[in-house]
Amino acid sequence: MAIDPHNPDAAYLSFWRERHMCTLTTLRPDGTPHVVPVGVTYDPDAGVARVITNKSSAKVGNILAAGPAGARVALCQVDGGRWATLEGIAYIRTDAERIADAVQRYAERYTRMPAPNPDRVLIEVALSRAMGRA
């Protein structure tokens, strides 16, 4: 079921606020999918999803390899028959203010503050599509 990622219904948004691990799918330079578990926060008002990670991770490398125009990605979470996917263009952000905001959002959703990491970066996804059944 198609959903407006900037204006989801209450059930869809509520599902994205529950504590669930997600997957991030990026494309390797050879075009094959790379799928890994991640924590995701969803901000429909800003039209973005956020993932905090280490700058040396393969997912960051895949996004950077796509060039300055960003990389197409998908984020998904599943809980029984409920599922939700967000799609968009991912960019790597390194500025401290954006990372701190993303860390705080992560702490709110996952009810724990991640350990300090001087190599942390932010994957920010400009959302273009959402679908699911929440």
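Since we're looking at a predicted model, the values are computed, not measured. Quick note: numbers below take in every heavy atom, side chains included, and nothing from hydrogens, waters or symmetry partners. Counting from 1, the numbers follow the sequence of the chain as shown.
Hydrophobic clustering, with ILVMFWY side chains joined whenever heavy atoms are under 4.5 angstrom apart, keeps Val48 apart from Val38. A chain of hydrophobic side-chain contacts below 4.5 Å, direct or via other Ile, Leu, Val, Met, Phe, Trp or Tyr residues, connects Val78 to Met131. Leu127 and Val51 end up in the same hydrophobic cluster when Ile, Leu, Val, Met, Phe, Trp and Tyr side chains are linked at under 4.5 Å. Connection of Leu27 to Ile63 is not established within any shared hydrophobic cluster, with ILVMFWY side chains joined at heavy-atom distances below 4.5 Å, either directly or through further cluster members.
Here the straight-line distance linking atom CD1 of Ile92 with atom CG of Leu122 works out to 8.0 Å at 0.5 Å rounding. Between the SG atom in Cys76 and the CE atom in Met21 there is a gap of 13.0 Å [rounded to 0.5 Å]. Distance check, rounded to the nearest 0.5 Å: CD of Gln104 to OG1 of Thr41 gives 11.0 Å. Between the OG1 atom of Thr26 and the NE2 atom of His34 there is a distance of 5.5 Å, given to the nearest 0.5 Å.
Here Asp79 pairs with Arg82 under the side chain to side chain donor-acceptor pair (under 3.5 Å) rule; sequence neighbours left out. Residues meeting the ring-ring contact (aromatic ring centres under 6.0 Å, His included) test with Phe15, sequence neighbours left out: His20.
Side-chain contact between Arg50 and Val125 is absent, with no heavy-atom pair separated by less than 4.5 Å. In this structure the side chain of Arg72 reaches within 4.5 angstrom of the side chain of Ile89, judged on heavy atoms. By the 4.5 Å heavy-atom criterion applied to side chains, Thr23 and Val36 are not counted as neighbours. Contact check for Ser56 versus Asp119: no side-chain heavy atoms found under the 4.5 Å cut-off. When side chains are defined from C-beta on, Thr94 does not count as touching Lys55, because their heavy atoms never get closer than 4.5 Å.
In this structure, Gly132 and Ile3 approach most closely via the heavy-atom pair N-CD1, 3.9 Å. Closest non-hydrogen pair, Pro33 versus Arg28, comes out as O-NH1, 2.6 Å. Looking at every heavy atom in both residues, Lys59 comes nearest to Thr53 through CE-OG1, 3.0 Å. Closest approach of Pro5 and Pro44 over heavy atoms only: O-CB, 3.4 Å. Between Thr85 and Ala74, the shortest heavy-atom distance links the atoms CG2-CB, 4.4 Å. For the pair Val103 and Met113, the tightest heavy-atom approach, listed with the atom from each and the gap, is CG1-SD, 3.4 Å.
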Side chain to side chain contact (heavy atoms under 4.5 Å, CB included), that's the test. Do Leu13 and Tyr42 meet it? Break it down for me. CA-CA 8 Å; Leu13 185 56; Tyr42 172 33; 4.2 Å; yes
Step by step, would you call Arg105 with Asp43 a side chain to side chain contact (heavy atoms under 4.5 Å, CB included)? CA-CA 9 Å; Arg105 290 171 186 270; Asp43 181 355; 3.4 Å; yes
Run the side chain to side chain contact (heavy atoms under 4.5 Å, CB included) test on Asn117 and Asn54 for me, step by step, so that the C-alpha distance in whole Å, both residues' side-chain angles and the decisive distance to 0.1 Å come before the verdict. CA-CA 8 Å; Asn117 179 355; Asn54 196 293; 3.5 Å; yes
Run the side chain to side chain contact (heavy atoms under 4.5 Å, CB included) test on Arg93 and Val121 for me, step by step, so that the C-alpha distance in whole Å, both residues' side-chain angles and the decisive distance to 0.1 Å come before the verdict. CA-CA 6 Å; Arg93 307 295 189 200; Val121 296; over 6 Å; no
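Judged purely by atom type and a 3.5 angstrom limit, Arg109 uses its side chain to pair as donor or acceptor with the backbone of Val40. Of the possible donor and acceptor atoms, one in the side chain of Asp9 sits under 3.5 Å from a partner among the backbone N and O of Tyr12.
A salt bridge links Glu124 with Arg98: the distance from a Lys NZ or Arg NE/NH1/NH2 to an Asp or Glu carboxylate oxygen falls below 4.0 Å.
For the ring pair (Phe, Tyr, Trp, His ring centres under 6.0 Å) condition, the pairs that include at least one residue of residues 85-107, sequence neighbours left out, are Tyr106-Tyr110.
Within a 6.0 Å sphere centred on CZ of Arg133, other residues, nucleotides and ligands contribute 12 heavy atoms or fewer. Residue Arg17 qualifies as open at atom CZ: its count of foreign heavy atoms under 6.0 Å is 12 or below.
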